[in-house]
Amino acid sequence: MIRTQIPDYDAHAIEEKWQRVWEETELFKTEEDPSKPKRYVLEMFPYPSGDLHMGHARNYAMGDAMARQARMAGYDVLHPMGFDAFGLPAENAAIKHHTQPGTWTEKNMATSLATMRRMGFSYDFDRLVRTCDPSYYRWEQWLFLKMWERGLVYRKTSPVNWCPSCQTVLANEQVVDGACWRCGSVPERRELEQWYLKITDYAEELLNGLDELTGWPERVKQMQRNWIGRSEGANITFALANEEGDPTERTFTVFTTRPDTLFGATFFLLSPEFAGLGELVDDTHRKEVDEVCEIAASASSFERQATEREKHGAFTGRYVVNPVNGRLLPVWVADYVLTDYGTGAVMGVPSGDERDFQFARKYGLPIPPVVVEEDDPLYAELKDETELVVEDVDWDHAMAAEGRLVQSGPFTGMKGGHGSEAVSAIISWLGERGLGEAKVEWRLRDWLISRQRYWGTPIPAVHCPHCGIVPVPEEELPIVLPASLDLAAGETLAECPEFYETTCPVCGGPARRETDTMDTFCDSSWYYLRYCDPHNDEAPFAPEAAARWMPVDNYIGGIEHAILHLLYSRFWTRVLRDFGMLDFSEPFTNLLCQGMVKDEEGRVMSKSLGNVVPPASVIKPYGADTMRMAVLFVAPPVKDFDWDPKAVAGCNRFIKRAWRLVFELAGEGWPEGGVEIDPTSLTGADADLNHELHSLGLRSTRDYERAQYNTAISAIMELANAATSYLSNVPEEARNSALMALVARDLVALLAPICPFVAEELYHEALGFETSVYDEPWPSFDEAQAATSEVEIAVQIKGKVRARITIPMDIPKDELEEKAIAAVADRIGSATIRKVVTVPGRLVNIVC
RNA sequence: GCCCGAGUGGCGGAAUGGCAGACGCGGCGGUCUCAAAAACCGCUGACCGCAAGGUCGUGCGAGUUCGACUCUCGCCUCGGGCACCA
């Protein structure tokens, strides 16, 4: 190969060429080679709302760099892609444009696929999964039936969040800051019968499992912990008092995390929605109680949950008996008591709870201290009092949680607080008398999965007037969505007789098909399993296929899924494990939450702000390689960054520089007999370049392995800089062409995961190889060759650098110290050296 | 209120307890050019100094250490999660 001139870098021609070659040669088809270690690299699949945006480009550039590097490093890599294709935006677009959601979705998927190909992402497109395909959602319906069989699916009527704009109910997780996660409208509370998945059965396991997820970011685990919300405490039984003040058979149970404050209870609270409240209320108090119930009902769930909201309550005219001291507690209804947490009834301990304190102050109820800090003067006064002698205090807040019990009968003097000795003592006292027991409560509620929308997976159930609600038999799956609906005219599944008219699978009589569809988060709760075996038409996936590829080794996606998708997927994985289909519990071993791409002013990119930078605006002038490098280089993967056109231009500049450099280094191409370098024979600039090659190669490799692409690229740039100065400092006749060819090849290999097109082109056209650079093993860099013969040592006096000396790497320690002391002799003067600390290859610290 | 994370030049950001600011952007100076762009070369934390050199410097304050951006404790600020969850 004789070259007279370096060709120009023509990104578009190169990218089009290699995109075609890779497809023709099926380079990225999953190998399925069991002799290699497996690596499952997965990026969260997109919702096809149009074309891909910058966030997708960043997300997928990371996953692609990881997958390509892993492949070169010898792994059998699974790197699939798909579409989360069901969802409301498609329906809204269909209504607006008088078309079908499927048509709109198909178009967007095609557009997105074209961009993925243009970006050079190394997906195995044979494994493409689209959740709107009946071949996919058939198995979701099948899994639903299995869960139903196992009692994990149920229906219940309860107050739910109804989004008036989306015209459907929402899961708890989908109400964010009191608003619909999708459209931002404030949901209404409606009493409806809906389908639920029993995620609470797995609450404990989902919580504890987080501790073993060492490959997950701490903040994501913390968000899930907060969401699951475990509280340890006790259920305590209070009996309703009769007119004489004696306990009756009618009892109420409360949950409390502070049983140690039981002696301080001075009232008893029921939520406005408490079942049976109506019959309980004394007629003379009914009016006030009804008013409180009305206030509660009229407030939106958002208002009702605001911390600053004033509390409202009314006395019911009834009393309960405090089981521990027989004291009569007035029963009130209060709007700050939640219906769907604990039992809907609460004991009021105003000295120990800020909310109860405010309530007591407002309604003039007594506030006796029961847990007092030892350095509080009140403690000295009350420490031996077992009976209630002080009924009220003049603080303006409830007391601190920690302290010692006073005025608390036999428990007086014990340590109180969360998990204290007083807590366990009172629980066992109550337990012995059948009045209470230890109890754990969870903030997590069951997952409401039914949606009153068309574009989703139909719930496989039939409503029969005789047999009730019955499952669709497995053989009848999939229940396919009808294509004939006129959504623009407001038609819904519930108004489509072709869909809902059916017969009961049990009695054969006429029946009505369920017309609710499943939450789209069900679709994304198991797609990563389908990728392992995407064409299976006898099961969602073969257990052996999942065993080969799962769990996902590296999952990459946005932090916005920290709770919803990532919690639901952990739940489904456990359910499938319990079906015997999987033998592990956690689907995602390592999680990388990439930061957001914001605009130049640091604002979120959005259509409404009109500040969206489409990937095409970079690809057009610069090409896909520049685009990929830019999103990886400009910031560490987990951090947000503000879009900077100058930084993009800088990346393009580097690619062009690397292009010329590799051609110059490669000369007439990779030598026919290969390259054999004897490191001991290298001297001067050659030795320096060889050293840079190995030390920077090692650094870049380590950064790839820990997914720090910004610094992996820095190291490549440094290597290019080193090679550039070699060329400008060493005259042509003195250059080591074998070494230069080696540097050229390794530079190309190091760049290949980030800039695949230019790397492949250089590998062929500059170096003259005929195979793909992705069939080249990852270069091996050598720690020994990374070391230099001479090294600069910092000489410190008491930790401050006072001189630098250059010494041979292998100099004995005492000789090094001697030289170091000599270098700073004038500064030491007559002072005595008390200590010398030497770190070989780095520094000498002299203490005097 | 509870919990988690983060604070380093003009900017994005580097630094297994061992020379703070790698790499890039921007800026300044130069080479090339009639000129400009591109490309290439050099300089670029602040302060003092003609210079050699010196002093300061990783949000603030202590501590551990021969040595702290890094570890410990106490604050401050910003970002995020949960929150009338008893």
Side-chain angles (χ1 to χ4, degrees), chain A residues 176-177 217-231 233 254-259 261 269 271 304-311 334-338 340-349 352-356 358-359 397 401 441-445 559 562-563 629-630 633-636 638-651 653-654 656-657 660 696 699 702-703 708 710-721 724-725 728 792-804 834-848:
Chain A
V176 179
D177 293 333
E218 192 52 43
R219 62 181 176 145
V220 174
K221 289 191 275 186
Q222 206 52 44
M223 279 161 83
Q224 293 211 356
R225 283 189 194 107
N226 281 346
W227 188 263
I228 296 167
R230 183 177 194 273
S231 289
V254 299
F255 172 72
T256 176
T257 56
R258 295 294 306 279
T261 64
L269 301 169
S271 81
R304 198 166 158 196
Q305 279 172 20
T307 319
E308 299 303 313
R309 183 173 158 82
E310 192 188 338
K311 293 164 179 46
D335 62 350
Y336 70 95
V337 179
L338 303 173
D340 54 355
Y341 182 78
T343 59
V346 165
M347 65 180 196
V349 184
D353 182 281
E354 190 57 37
R355 295 153 301 177
D356 294 346
Q358 286 171 22
F359 191 80
H397 280 289
E441 276 291 338
W442 303 87
R443 213 198 68 97
L444 184 71
R445 312 292 152 89
I559 187 76
I563 296 172
M629 186 170 193
F633 178 61
V634 82
V638 297
K639 288 198 77 168
D640 289 354
F641 73 78
D642 300 345
W643 186 251
D644 179 4
K646 296 234 176 72
V648 180
C651 289
R653 198 148 51 219
F654 174 74
K656 287 196 279 192
R657 199 156 75 79
R660 287 190 303 270
L696 292 167
R699 230 170 74 195
R702 267 196 290 269
D703 286 339
Q708 284 295 317
N710 55 327
T711 48
I713 295 168
S714 301
I716 298 169
M717 287 174 167
E718 284 183 69
L719 179 56
N721 291 347
T724 302
S725 53
S728 65
E792 194 186 68
I793 296 280
V795 183
Q796 299 182 328
I797 296 177
K798 292 216 300 216
K800 283 199 187 299
V801 181
R802 295 303 179 186
R804 292 170 216 277
R834 285 190 296 158
K835 190 172 179 184
V836 178
V837 181
T838 303
V839 183
R842 288 190 183 272
L843 58 77
V844 176
N845 189 15
I846 299 159
V847 189
C848 52

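Naming: A, B, ... by sequence-line order, numbering from 1 per chain.
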Just call it for A:V346: base, sugar-phosphate, or nothing, with non-hydrogen atoms closer than 4.0 Å on any strand.
base
Does A:R802 make a side-chain N or O approach to OP1 or OP2 of B:rU55 shorter than 4.0 Å?
yes
Applying a 4.0 Å non-hydrogen cut-off, can you work out what A:R834 is touching in the nucleic acid: base, sugar-phosphate, or nothing?
nothing
Is A:K311 positioned over the aromatic face of A:Y336, cation under 6.0 angstrom from the ring centre and no more than 45 degrees off axis?
yes
Does A:D356 reach a base, just sugar-phosphate, or nothing at all? Heavy atoms under 4.0 Å.
nothing
Within this structure, what is the OH-to-C1' distance between A:Y341 and B:rC82, rounded to whole angstrom?
12 Å
Straight-line distance of A:Q708 CD to A:R702 CZ, nearest 0.5 Å
13.5 Å
Based on Watson-Crick and G-U pairs with both distances under 3.5 Å, what dot-bracket line describes RNA chain B 5' to 3', crossing pairs as [ ] and inter-strand pairs as |?
(((((((..(((.....[....)))((((((.......))))))((((....))))..(((((..]....))))))))))))....
Please compare A:V839 and A:A345 by the position of their nearest nucleotide in RNA chain B and report the one closer to 5'.
A:V839
By nearest atom, which of the nucleotides B:rA20, B:rG18, B:rA22 is closest to the A:V801 side chain?
B:rA20
Are A:L843 and A:V801 side-chain neighbours, meaning at least one heavy-atom pair lies under 4.5 Å?
no
Run the side-chain contact (heavy atoms from CB on, under 4.5 Å) test against A:T838 and tell me which residues pass, sequence neighbours left out.
A:K813, A:L816, A:E817, A:V836, A:V844
Side-chain (A:R699) to main-chain (A:S714) donor-acceptor, under 3.5 angstrom
no
For atom P, what is the distance between B:rG81 and B:rG67, given to the nearest Å?
42 Å
When we call it a touch if two heavy atoms are under 4.0 Å apart, what does A:D340 touch: a base, just sugar-phosphate, or nothing?
nothing
How does each nucleotide of nucleotides 60-69 of chain B score, in 5' to 3' order, for protein heavy atoms under 4.0 Å: base (B), sugar-phosphate only (S), or none (-)?
------BS--
Remember a base hit wins even if backbone is also touched, and classify A:R443 as base, sugar-phosphate or nothing at under 4.0 Å, heavy atoms.
base
Using the test salt bridge (charged side-chain N to carboxylate O under 4.0 Å, His left out), find all partners of A:E218 that sit at least two apart in sequence or belong to another chain.
A:K221, A:R225
Among all residues two or more places apart in sequence or in another chain, which pass the side-chain hydrogen bond (donor to acceptor under 3.5 Å, both in side chains) test with A:D644?
none
Separation of atom CZ in A:R657 from atom P in B:rC41, rounded to whole Å
7 Å
I want to verify a distance call: between B:rU16, B:rG13, B:rC4, whose nearest atom is closest to the A:P636 side chain?
B:rG13
Quickly work out the A:I563 CD1 to B:rC3 P distance and round it to whole Å.
18 Å
Using a 4.0 Å heavy-atom cut-off, does A:E792 contact any base of the nucleic acid, only the sugar-phosphate backbone, or nothing at all?
base
Side-chain touch A:R657/A:N721, heavy atoms, less than 4.5 angstrom:
yes
Which value, in whole Å, describes the distance between the C1' atoms of nucleotides B:rU70 and B:rG63?
15 Å
I need the CG-C1' distance between A:D640 and B:rC11, as an integer number of Å.
16 Å
Looking for any heavy atom pair under 4.0 Å, which part of the strands does A:F255 touch: base, sugar-phosphate only, or nothing?
base
Integer angstrom distance from the P of B:rG17 to that of B:rG12:
25 Å
Only counting residues at least two apart or in another chain, list the ones meeting salt bridge (charged side-chain N to carboxylate O under 4.0 Å, His left out) with A:R445.
A:D340
Side-chain heavy-atom pair A:V648, A:W643 within 4.5 angstrom cut-off
yes
